[in-house]
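Down below is the structure, laid out as structure tokens.
Everything numeric here is computed off the predicted structure, so don't read it as measured data. Numbers restart at 1 for each chain; the letters A, B, ... are given by sequence-line order, proteins then strands.
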Amino acid sequence: MHQFIEDLAQHEGKEVTLKGWVYNARFGKANIFLELRDGTGFIQCVISQDMVSEEAFEAAKKLAREAALKLVGIVVKDERQMGGFEIQVSALEVYGYSKDYPIKVNENEHGARFLADKRHLWLRSKRQWAIMRVRNEIIMAIHEFFQTNGFVQMDSPIFTGNACEGTTELFETDFFGDPAYLSQSGQLYAEATALAMGRVYTFGPTFRAEKSDTPRHLSEFWMIEPEMAFFDLDMDMDLIENFTKHIVNRVIKNKRVELDTLGRDISKLENVNQKFPRVPYSEAVKILRGEVEVNGKNAIAIQEQDIEDAKKGIEEKTAEIAEREATIKSGVKKGVRKFNEAKIIVLRGEIAELEEKLRNLPKWITSAKNFEMGSDFGNSDETVLTRVFDAPVMVYNWPAKIKSFYMKEVDGNPDLVKGVDLLAPDGFGEIVGGSERETDLDILVRKIKEHDLPMEAFEWYVDLRRFGSVPHSGFGLGLERMVRWICDIHHLRETIPFPRRYGRLLP
RNA sequence: GGCUUGGUAGCUCAGUGGUAGAGCAGUCGGCUGUUAACCGAUUGGUCAUAGGUUCGAAUCCUAUCCUGGCCGCCA
């Protein structure tokens, strides 16, 4: 039996056996410092020449990044270390050596393509480790929330015979000779199970065949879809708010080390602990256009300020590069030169990002200012809109024509439907989409026809309105989008172990 | 699908008409506690591919392929 790094505080001063991999190694004449990882954490292990056998020290000299080994040693308190402890090694045994490990300790020194090709190894990096641990915590928080609130998990099928909402492109497969499609949503099935079980949720993979090559899309992702009988839109929004708060607070409580590793500003996450603003679509449009301010903040003005900040940033960074280049040319020691050269590369990268911003922001402002009442928010519109809030914001009562057929009409205003989107702050955009469902048989049938959907494929769904139709609501959460927001990650490809997206099927 | 940035050593990049460069990784040596360790030395490149302009092309032009980013479609 061996111990795990995350439990070492319980073993202070005692001997432990650890099994893991060398994350990084530093070699001195009489001391070798191994940063060991075992999946539960990272810890520095010191191998001193006079504390281990000659054979063991010789074996340790040959270790390189990602070599696998067992080691025995004493847990020693050391304030300099990240976890507060280190291991003074007394014995070690190598399982497998490793040579020329391709991924650097600082993974930022690699391009996206290179890392994607090495995903099977990239997952061993500290940053990826932290993301996957947060992802797991989010999954646990989701199950905990529903399981302790009377919900039953009811899986929806992955093979389906029809396009559920009739819009998105699906992956077609062969089901004993008939065409079958990989599920793009479990919602319609969740409605059926909710009317059987009361309150349910699905938790499963979802597939979309759109050729969307963006930071916010995957071809295969995980979706959670609760559905509740006897629930209206207001209750749905309450649930979305409580659910989101529960997840974020549990991650903050249990995954602090991982969030710190990711450099996540936790105070921003703590902003969820306030009432989420609830804004009708029509009001959101006015905010987006800059016609209405929120807490003294104007959406358009914030973007214009961003442009000025970006320009200023480019000037400052350009000046700093010139200064550092002059320092290098003036003839300095190698260490100083190297330091400055590394800084210059980082600065150039930052300038490239700011220039990208300068190319985009004017387009975003134009899009926001000229936004037409009745159309759907684009990605940049969501970013601009959410900048005036510091908590997630719920936009509700949407135009019927841009939402799905199953959403319930707003009483007295059939042009609007009782849908709600939860938009995360800081430009992370839509995380949750939900609605109160249409309960009236005749209206639902009319809408299916209006959307040109094949009635025969929806007969079973319409049955739900024939036999004890009740008000019911639900929502869908994209798991990876939640991970992305909580971890503050730019691209969804880092939020799932093996991302499947347009142009990427391996590894 | 549209717009756009790039392709130079295993990795990340500089070089923009005149002899192919740096850091990291690798290899060798040094160093009594290192934190992306440090110090010294060293290996490594048909400058994406094809064609063109030129006395001379990594650099200019054309085409093709690949890549990063933004938008659209959406969770």
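- Taking the C1' atom of each, B/rC74 and B/rA36 are spaced 39 Å apart, rounded to whole Å.
- The aromatic rings of A/Phe377 and A/Trp398 sit perpendicular to each other, their planes meeting at more than 60°, with 30° as the lower class boundary.
- Atom P of nucleotide B/rC74 and atom CH2 of A/Trp398 are separated by 12 Å, given to the nearest angstrom.
- Between A/Asp100 and A/Arg348, it is A/Arg348 whose nearest contact on RNA chain B lies nearer the 5' terminus.
- The distance from atom CD1 of A/Ile32 to atom P of B/rU32 is 14 Å, rounded to the nearest whole Å.
- Using a 4.0 Å heavy-atom criterion, one finds that A/Arg504 contacts no nucleic acid atom at all.
- Checked for salt-bridge contact, A/Glu58 and A/Lys61 meet the test: a charged N lies under 4.0 Å from a carboxylate O.
- Only the P atoms considered, B/rG10 is 32 Å distant from B/rU53, to the nearest whole Å.
- Note on A/Glu353: nothing from the nucleic acid sits closer than 4.0 angstrom, heavy atoms only.
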Using a cut-off of 4.0 Å between protein heavy atoms and nucleotide atoms, how would you tag nucleotides 5-11 of chain B 5' to 3' with B, S and -? ------B

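- As rounded to the nearest Å, B/rU16 and B/rU59 have C1' atoms that lie 5 Å from one another.
- The residue A/Gln88 sits close to a base: some heavy atom pair falls under 4.0 Å.
- Phosphate contact (OP1/OP2 of B/rG69, side-chain N/O of A/Arg216, threshold under 4.0 Å): absent.
- Checked for salt-bridge contact, A/Arg37 and A/Glu66 meet the test: a charged N lies under 4.0 Å from a carboxylate O.
- Here, B/rU46 and B/rC31 have their P atoms 37 Å apart, quoted to the whole Å.
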Derivation of the side chain to side chain contact (heavy atoms under 4.5 Å, CB included) call for A/Phe27 and A/Phe33: CA-CA 6 Å; A/Phe27 298 88; A/Phe33 301 91; over 6 Å; no

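- Using P as the reference atom, B/rC11 and B/rG51 are 25 Å apart when rounded to the nearest Å.
- Across all strands shown, B/rC28 pairs with B/rG40; the Watson-Crick or G-U wobble distances both stay below 3.5 Å.
- Listed candidates were B/rC73, B/rG68, B/rU34. Nearest to the side chain of A/Gln44 is B/rU34.
- Distances from the side chain of A/His217 to the nucleotides B/rG33, B/rG69, B/rC73 place B/rC73 closest.
- The side chain of A/Ser212 sits closest to B/rC73 out of B/rU27, B/rC73, B/rU34.
- At a threshold of 4.0 angstrom between heavy atoms, the contacts of A/Tyr101 with the nucleic acid are absent.
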Could you walk me through whether A/Thr386 and A/Asp426 pass the side chain to side chain contact (heavy atoms under 4.5 Å, CB included) check? CA-CA 7 Å; A/Thr386 56; A/Asp426 301 315; over 6 Å; no

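- If you look at A/Tyr189 and A/Tyr461, their ring centroids are not closer than 6.0 Å.
- Within 4.0 Å (heavy atoms only), A/Asp213 reaches at least one base atom of the nucleic acid.
- With hydrogens and angles left out, the side chain of A/Ser380 and the base of B/rC71 share no donor-acceptor pair within 3.5 Å.
- Here the side chain of A/His491 is nearest to one of B/rG33, B/rC70, B/rG69, namely B/rG69.
- One interatomic measurement links the two molecules: CD of A/Glu169 to P of B/rG1, which rounds to 10 Å at whole-angstrom precision.
- Between A/Phe42 and A/Trp129, the ring planes are perpendicular. Angles over 60° get that label, and only those under 30° would be called parallel.
- B/rA58 is unpaired under the criterion used here, namely a Watson-Crick or G-U wobble arrangement in which both key atom distances are under 3.5 Å.
- B/rG21 and B/rC13 make up a base pair, with Watson-Crick or G-U wobble contacts both under 3.5 Å.
- A straight line from OH of A/Tyr502 to C1' of B/rC73 spans 13 Å, rounded to a whole angstrom.
- Across all strands shown, A/Asp117 has no heavy atoms under 4.0 Å from either base or sugar-phosphate atoms.
- In this structure, NZ of A/Lys62 is placed 18 Å from C1' of B/rG26, rounded to the nearest angstrom.
- Looking at heavy-atom distances under 4.0 Å, A/Lys211 makes contact with a base.
- A straight line from CZ of A/Arg26 to P of B/rC31 spans 20 Å, rounded to a whole angstrom.
- On a pure distance criterion of 3.5 Å, a polar donor-acceptor pair joins the side chain of A/Gln81 and the base of B/rU34.
- Comparing the P positions of B/rA57 and B/rA50 gives a spacing of 15 Å, expressed to the nearest Å.
- Regarding A/Arg65, its CZ atom lies at a distance of 14 Å from the C1' atom of B/rG26, rounded to whole Å.
- With the nearest nucleotide of RNA chain B identified for both A/Gly503 and A/Glu430, A/Gly503 has the one nearer the 5' end.
- A/Arg119 places none of its side-chain heavy atoms less than 4.5 Å from the side chain of A/Ile496.
- As judged by a 4.0 angstrom heavy-atom cut-off over every strand, A/Thr206 is placed among residues making no nucleic acid contact.
- Among the protein residues, A/Glu355 comes within range of no part of the nucleic acid, since none of its heavy atoms lies under 4.0 Å from any strand.
- Nucleotides B/rA14 and B/rG52 place their C1' atoms 28 Å apart, quoted to the nearest Å.
- Taking a pair to require two hydrogen-bonding distances under 3.5 Å in either a Watson-Crick or a G-U wobble arrangement, B/rC70 pairs with B/rG2.
- In this structure, A/Glu54 places its CD atom where only 12 or fewer heavy-atom neighbours from other residues, nucleotides or ligands lie under 6.0 Å away.
- Looking at heavy-atom distances under 4.0 Å, A/Ile344 makes no contact with the nucleic acid at all.
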Verify side chain to side chain contact (heavy atoms under 4.5 Å, CB included) between A/Arg208 and A/Gln184, making sure each step is shown before the conclusion. CA-CA 6 Å; A/Arg208 304 275 167 94; A/Gln184 56 136 352; 3.4 Å; yes

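- As judged by a 4.0 angstrom heavy-atom cut-off over every strand, A/Gly378 is placed among residues touching the sugar-phosphate backbone only.
- Close to B/rG33, at under 4.0 Å from its OP1 or OP2, lies no side-chain N or O of A/Asn31.
- Among the atoms of the strands shown, none is found under 4.0 Å from any heavy atom of A/Glu107.
- For A/Val105, whose side chain is taken as the heavy atoms from C-beta onward, the closest listed nucleotide among B/rC74, B/rG69, B/rA36 is B/rA36.
- For A/Lys29, whose side chain is taken as the heavy atoms from C-beta onward, the closest listed nucleotide among B/rC74, B/rG33, B/rC31 is B/rC31.
- Residue A/Leu492 contributes atom CG, which lies 12 Å from atom P of B/rC70 at whole-angstrom precision.
- Between the C1' atoms of B/rA25 and B/rG44, the separation comes to 11 Å (whole Å).
- Ring centroid separation for the pair A/Tyr201 and A/His143 comes in under the 6.0 Å cut-off.
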